[in-house]
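Read through the structure below, which is laid out as structure tokens, and then see the notes.
In what follows, every chain begins at residue 1, and chains take the letters A, B, ... in the order their sequences are listed.
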There are 2 protein chains.
Amino acid sequence: MANRMGYLSCLDTVKPVRDAIEVINGKWKLPIIISVMTGNERFTDIQESIPGITPKVLAKELKDLEQHQLIKRVVIEDYPVRILYKPEPYADTLTPIIEALKGWGLNHRRRIFSKA
Amino acid sequence: MANRMGYLSCLDTVKPVRDAIEVINGKWKLPIIISVMTGNERFTDIQESIPGITPKVLAKELKDLEQHQLIKRVVIEDYPVRILYKPEPYADTLTPIIEALKGWGLNHRRRIFSKA
DNA sequence: TATTCCACTTTCCTTTTGGAAAGCACTTTA
DNA sequence: TAAAGTGCTTTCCAAAAGGAAAGTGGAATA
């Protein structure tokens, strides 16, 4: 028997959107990328620029982002050793997503307050 | 003593982005919105249009999306009763986000395959 | 010498998310 | 009459995400 297949296929959009979500999932990845792209380079600075993030979460997310080649961890052999996080060029490709989310978030907040 | 405040503030961007993420968080919300906006109206059709989603998760996410006024649940008093999910106009405002994610996801997949 | 800074790690715990499977009340279809 | 469809809910459970707090080892600072 053939499939029912009564539904409309939306896989052309759903699949790539899911691929993107897999990379930038969670509460923290985009905030971290934004912070690093803004110019924060050191662990403590990144941490302090993002309210509420704990060092454990930050360390884990930084590793994830490095694996996806969105940031790189640079070790400066000095006394003492310094560690810097820099955005990779690939991180720039996320700018349209970040801008779209920022615009939507600003509008959403206005919408919520105008109701209340 | 004054704060260290050595970091660069990125809150102007981080805060609205976080507001947006809070609404569309998780693996499923955007796929469901895409499916409903494509024209899938019935529970089973939405479920079948999104590979891997279970009825439990779909039911819960539909409720969340209804609360955020992104979709509405319409009860048609027929014999038998039919239930339809329709996009609210507010869902349209997510289109730029969806398009940005779709474009990035397509490019990301090409990038991954060209390396391998 | 004591404190602070830096970049984390470790432990413990709670919450959230997700998945598999079954069930249910009803209706339609074969 | 039996099977299948509809729109879910329920139960059980595993994995992932997230948070609080403390610790660590070296180096710089007061």
Gap between atoms CD1 and P, on B:Ile83 and D:dG5 respectively (whole Å): 19 Å

Under 4.0 Å between a side-chain N or O of A:Arg42 and OP1 or OP2 of C:dA7? yes

Between atom CG in B:Asn25 and atom C1' in D:dA17, what is the gap in whole Å? 12 Å

With sugar-phosphate meaning primed atoms plus P, OP1 and OP2, does B:Pro80 contact a base, only sugar-phosphate, or nothing at under 4.0 Å between heavy atoms? sugar-phosphate

I want to check one thing: is the phosphate of D:dG7, taken as OP1 and OP2, less than 4.0 Å away from some side-chain N or O of B:Thr44? yes

Value in whole Å for how far the P atom of C:dG19 lies from NZ of B:Lys60: 12 Å

On DNA chain C, compare the nucleotides closest to B:Lys27 and A:Arg73; which residue's is nearer the 5' end? A:Arg73

Should A:Tyr85 be listed as having a side-chain N or O under 4.0 Å from OP1 or OP2 of C:dC8? yes

If the plane angle is over 60° it's perpendicular, under 30° parallel, otherwise tilted; pick one for B:Tyr90 and A:His108. parallel

Can you name the one residue among A:Ile53, A:Leu58, A:Ile50, A:Ile46 that meets side chain to side chain contact (heavy atoms under 4.5 Å, CB included) with A:Pro31? A:Ile50

Sidechain N-carboxylate O distance under 4.0 Å for B:Asp64, B:Lys60: yes

Between P of C:dA20 and CD1 of B:Ile53, the distance in whole Å: 12 Å

Could you state the CD1-P distance from A:Ile21 to D:dA17, rounded to the nearest angstrom? 14 Å

Would you say C:dC6 has OP1 or OP2 under 4.0 Å from some side-chain N or O of A:Tyr79? no

Result for 5'-nearest mapping on DNA chain D, choosing between A:Lys29 and A:Pro55, is A:Lys29

Counting only side-chain nitrogens and oxygens, does A:Trp28 get under 4.0 Å of the OP1 or OP2 atom of D:dG19? yes

Nearest-angstrom distance from the residue atom OH of A:Tyr7 to C1' of D:dG5: 16 Å

Give me the one residue out of A:Asn107, A:Ile98, A:Leu106 that meets side chain to side chain contact (heavy atoms under 4.5 Å, CB included) with B:Pro16. A:Leu106

Taking CG from B:Leu62 and P from D:dT6, how many angstroms apart are they, rounded to a whole number? 16 Å

Neighbour count above 12 (heavy atom, 6.0 Å) for B:Lys86 NZ: no

Side chain of A:Thr54 (C-beta onward), nearest among D:dA20, C:dG19, D:dC8: D:dA20

Starting at atom CD of A:Glu77, determine the distance to atom C1' of D:dA27, rounded to an integer number of angstrom. 15 Å

Tell me whether the side-chain N or O atoms of A:Lys56 pair up with the base of D:dG19 as donor and acceptor below 3.5 Å, since no angle test is needed here. yes

